[in-house]
Amino acid sequence: MLVFVPALAVFGGLLVWAVVGLPDFGHYVGPYGYLLNQVALPERHMTNVVTAVVFDYRGFDTLGEEFILLGAVTGVALLLRSQERGEEVQEGIGSDTVRVVGIVLAGAALLVGLWLVAFGFVTPGGGFQGGVVVAGAIFCVFLCADFRAWRGMSSQTVLDPLEGVGAAGYVVIGLAALVSGYPFLTNELFGPGVPGTLHSGGTGPFINWSVAFAVSAGILILFSEFLEEYIVPIAAGAED
Amino acid sequence: MIVATLVPLQATILALVGIGATVLVLTRDPLRMTIVSGVYGWLLTLLFFVLSAPDVALSMLVVSSVGYPVILLVAVTRSRNK
């Protein structure tokens, strides 16, 4: 208490000071937001300026972020895959209602996820969000159907290559610009297209899809490694 | 420069986020905390949405309703079976 109360007072004071010093609500002072809203549509033909920033103006940073995800997934797989694995599988869920609702939900979520990816550079969405939703939809199969169906869908022979293709695809798109005589990742290939349609944004849609593959495969690898390691032994009744 | 003011809907959801965060901090049971954190994430999603940031709202939604609860549930299951 002797330490906690003074620490709380100091921290609280600093917090209040910082909050009082913030710009008023709605008074945005950074110039870049306005600038990008002006130039993104004419320059890049993407109607979703956020995606234009993430996959084009700031595309090199996003490449690094994608490799952070790849590194994290690789690390988890390296740590957890070395263990021996039982072939026992858990029984499916007994309730028919849960099964039916879950499967319908999985289908609906898959469609929403694919839509978020496909139109990520036209309307709000993009490879990251859509990819996670797609992964969540496939994960619904595990929650609602039986583990055998899940293991079939989350097979390492499918997910590992997809993760690699997604991550490498981003680099290949960058190199394609380099080979064509532009700096790395320059958005000059495939023409500008018609803004507001799927044929727009140049290389943006391709980067979008490669990120979607990398993210959905990465999330599913994480899920399935955690499940195999922690949940399945418990569900199968094995002593830990 | 565009100057916006806080409309009642935004103020309401901002207040709900404050309540949600307090409830989340006061929840002690890990399993219940997982569910409460999902609801809190959903409130934050609504907040970002009414503050005209649909992209951030989508990211918040997928992280708080798909990614984070699964990791938490793994941890809860693990610790309960120890």
Side-chain angles (χ1 to χ4, degrees), chain A residues 23-31 33-34 37 48-54 76 80 109 112-113 116-117 120-121 123-126 128-140 142-143 215-216 218-220 222-235 237-240, chain B residues 1-18 21-22 25-26 30-31 34-35 37-39 41-42 44-82:
Chain A
D24 289 342
F25 181 84
H27 289 65
Y28 169 64
V29 286
Y34 302 112
N37 276 339
N48 183 3
V49 179
V50 177
T51 304
V53 170
V54 172
V76 168
L80 297 184
V112 170
L116 282 176
V117 178
F121 50 97
T123 51
F128 172 72
Q129 294 98 321
V132 180
V133 174
V134 168
I138 296 171
F139 192 61
C140 258
F142 165 74
L143 290 176
V215 168
S216 52
I219 301 276
L220 283 173
L222 286 181
F223 282 172
S224 59
E225 293 305 329
F226 279 133
L227 282 173
E228 296 270 3
E229 181 62 24
Y230 295 127
I231 307 293
V232 174
I234 293 160
E239 285 300 312
D240 198 22
Chain B
M1 190 167 88
I2 305 159
V3 176
T5 50
L6 194 68
V7 300
L9 179 65
Q10 294 167 338
T12 310
I13 293 173
L14 197 58
L16 285 176
V17 166
T22 313
V25 169
L26 295 177
L31 190 61
T34 310
I35 307 295
S37 96
V39 175
W42 182 72
L44 278 177
T45 305
L46 277 181
L47 179 68
F48 293 142
F49 184 70
V50 297
L51 290 175
S52 317
D55 276 273
V56 186
L58 278 169
S59 302
M60 190 67 225
L61 186 68
V62 296
V63 168
S64 68
S65 65
V66 183
Y68 191 46
V70 172
I71 305 301
L72 282 180
L73 284 176
V74 166
V76 170
T77 316
R78 183 75 171 159
S79 62
R80 287 206 169 169
N81 282 274
K82 276 269 171 182

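Residue numbers begin at 1 in each chain, while the letters A, B, ... track the order of the sequences. Since the structure is predicted, the reported quantities are computational estimates derived from the model, not experimental observations.
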Is it the backbone or the side chain of B:L61 that comes under 4.5 Å from a heavy atom of chain A, or both, or neither? neither
Approximate separation, where rounding is to 0.5 Å, of A:L80 CG and A:S224 OG: 10.0 Å
Where A:S216 and A:G131 come nearest, the two heavy atoms and their spacing: CB-O, 3.1 Å
Any B:W42 side-chain heavy atom under 4.5 Å of B:M60 side chain: no
Counting C-beta onward and ignoring hydrogens, is there a side-chain heavy-atom pair between B:D55 and A:Q129 closer than 4.5 Å? yes
Given that the side chain runs from C-beta out, which part of A:L116 has a heavy atom under 4.5 Å from chain B: side chain, backbone, both or neither? side chain
At a heavy-atom separation under 4.5 Å, does A:D24 approach chain B through its side chain, its backbone, both, or neither? neither
